[in-house]
There are 2 protein chains.
Amino acid sequence: MVDNSVLELNLGLGNNNNNNNVVGGHAHAGQSPRQRCPAPFLLKTYDLLEEGESEDMTRIVSWNEEGSAFVVWSPAEFSEHTLPRYFKHNNFSSFIRQLNTYGFKKMSSKRWEFKHEKFQRGCRHMLGEITRKKCEPSVFPAYLKSSSEENATSSTEENNQQLLMEENKNLKKERLELQMQIDECKALEMKLLACLSQFMDTQQTKIRRLC
Amino acid sequence: MVDNSVLELNLGLGNNNNNNNVVGGHAHAGQSPRQRCPAPFLLKTYDLLEEGESEDMTRIVSWNEEGSAFVVWSPAEFSEHTLPRYFKHNNFSSFIRQLNTYGFKKMSSKRWEFKHEKFQRGCRHMLGEITRKKCEPSVFPAYLKSSSEENATSSTEENNQQLLMEENKNLKKERLELQMQIDECKALEMKLLACLSQFMDTQQTKIRRLC
DNA sequence: GGGAATATTCCC
DNA sequence: GGGAATATTCCC
């Protein structure tokens, strides 16, 4: 009943999209207004709408006339077939929860139409401007914040890079060692197999002779 | 290749287990020592071990001799086949992350053995005493550490850092995979040796009889 | 709609 | 191992 391709697809998407999603959002620091890697959720939702444009999926979900919002025409089919191909679930309410988290608004009480200023047809590049509503751990003393930002200078940045390179180097060394271990294992396997096969041969001849 | 029954099973489990899991933990308030509905993760992990007892799954994952901990004998098979039947993913590292969250300890560097005082064979009733480690709203918030966000760094430098982080991530993934390959190889070796030894025995007896 | 707990991912 | 971001679930 439920689409079976979930895991494969999710993993596929995960490996592609999540790479875009540098979690901390440090990338593209100097751009206006706060352009970041879009959240996976937004990319997937956008892509899912583009998929609809080519196929008959507009029956289930599509942009509205003006492309200023999107409409889920058939929540049941959308949940059962569309959601699991993009997400790790098939619950319409979880999808809506995410929409709310990213600040989408429900446009009409008569149909499932959702709108966000920065989520429009043809504007994939604006997705990076959409942010999650933060549940602030709220009042962290302002003085600590400002001083910490002053302290976070380029020296820590360089340091950071140093550490990354160091770690990188070590990882590569490790990789080589592991690879060698595997080669050894494989070689041993071959030997064992050869040994087994040879032993079988000799035993068989012995037995044949004795008969 | 990947088990297809993920969603159905997950949803099934979700509908059963998550009902038990009164999220806020308000249920059973007056019991000693803090008996709650066990977290879904713990129930699933426990059940997955019980499943092993009846089938040949002990080859992949099982309790240790004393039932005081459990061992993932074959991480590759465990990830590919077992995990997706209980969880919404097939990543060994995500599973381990959860174990750490609930305070499990890795027992040995030689095998994937995990232990928690309250997680033992035959003691499903103790699972309710296991709690997540809380991440206190920590005194030093994230932005104290995040250096790059507001700073003017040259775009090439930033780009460089991006690439390094990307490579780093991939290397770590590779490392885990290689480690798992090695485990598999070792397991195969054991099997071959056992096979060889058994074969030798039977052949010797055959020969002895013929003489 | 949104708060909050748990789950999954990513990074250090 | 663990901090922190995002995702999913559950509840009000």
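All chains are named by letter (A, B, ...) in the order of the sequence lines, taking the proteins before the strands, and each is independently numbered beginning at 1.
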Spacing of [X] atom [atom1] relative to [N] atom [atom2], expressed in whole Å:
X     : N      : atom1 : atom2 : result
A:F92 : C:dG1  : CZ    : P     : 12 Å
B:F41 : D:dC10 : CZ    : C1'   : 20 Å
B:I96 : D:dG1  : CD1   : P     : 9 Å
B:K44 : D:dT8  : NZ    : P     : 13 Å
A:L43 : C:dT9  : CG    : C1'   : 15 Å

- Message: Distance alone, cut at 3.5 Å: any donor-acceptor contact between the side chains of B:T101 and B:R97?
- Response: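 Note: B:T101 and B:R97 side chains meet the donor-acceptor criterion.
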
- Message: According to ring pair (Phe, Tyr, Trp, His ring centres under 6.0 Å), who are the partners of A:F41, at least two apart in sequence or on a separate chain?
- Response: A:F87, A:F95, A:Y102

- Message: Between D:dG2 and B:R97, counting only base atoms on the nucleotide and side-chain atoms on the residue, is there a donor-acceptor pair under 3.5 Å?
- Response: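 Check passes, donor-acceptor contact within cut-off.
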
- Task: Apply the ring-ring contact (aromatic ring centres under 6.0 Å, His included) test between B:W112 and each candidate in B:F78, B:F70, B:F92, B:F104; give the one that qualifies.
- Result: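 The ring-ring contact (aromatic ring centres under 6.0 Å, His included) with B:W112 is passed solely by B:F92 among B:F78, B:F70, B:F92, B:F104.
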
- A:R132 side chain near D:dA5 phosphate (N/O to OP1/OP2, under 4.0 Å): no

- Side-chain N or O of A:N91 closer than 4.0 Å to phosphate OP1/OP2 of D:dT9: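 For D:dT9, OP1 or OP2 has a side-chain N or O of A:N91 closer than 4.0 Å.
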
- Item | Residues within residues 98-115 of chain A bordering DNA chain C, heavy-atom distance below 4.0 Å |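 Those residues are A:N100, A:K106.
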
- Item | Verdict with reasoning, A:Y46 to A:W63, per ring pair (Phe, Tyr, Trp, His ring centres under 6.0 Å) | CA-CA 10 Å; A:Y46 188 91; A:W63 294 103; 5.6 Å; yes

- Item | Closest to the A:K133 side chain, choosing from D:dG2, C:dG2, D:dA7 |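 Of D:dG2, C:dG2, D:dA7, C:dG2 is nearest to the side chain of A:K133.
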
- Output the single nucleotide from C:dG2, D:dT8, D:dA7 whose closest atom is nearest the side chain of B:K88.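 Per side-chain heavy atoms of B:K88, the pick is D:dT8.
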
- Item | SB check B:E50 B:R121 (cutoff 4.0 Å) | no

- Got B:T82 and B:E77 here, is their nearest side-chain heavy-atom distance under 4.5 Å?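 No, too far: nothing below the 4.5 Å cut-off.
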
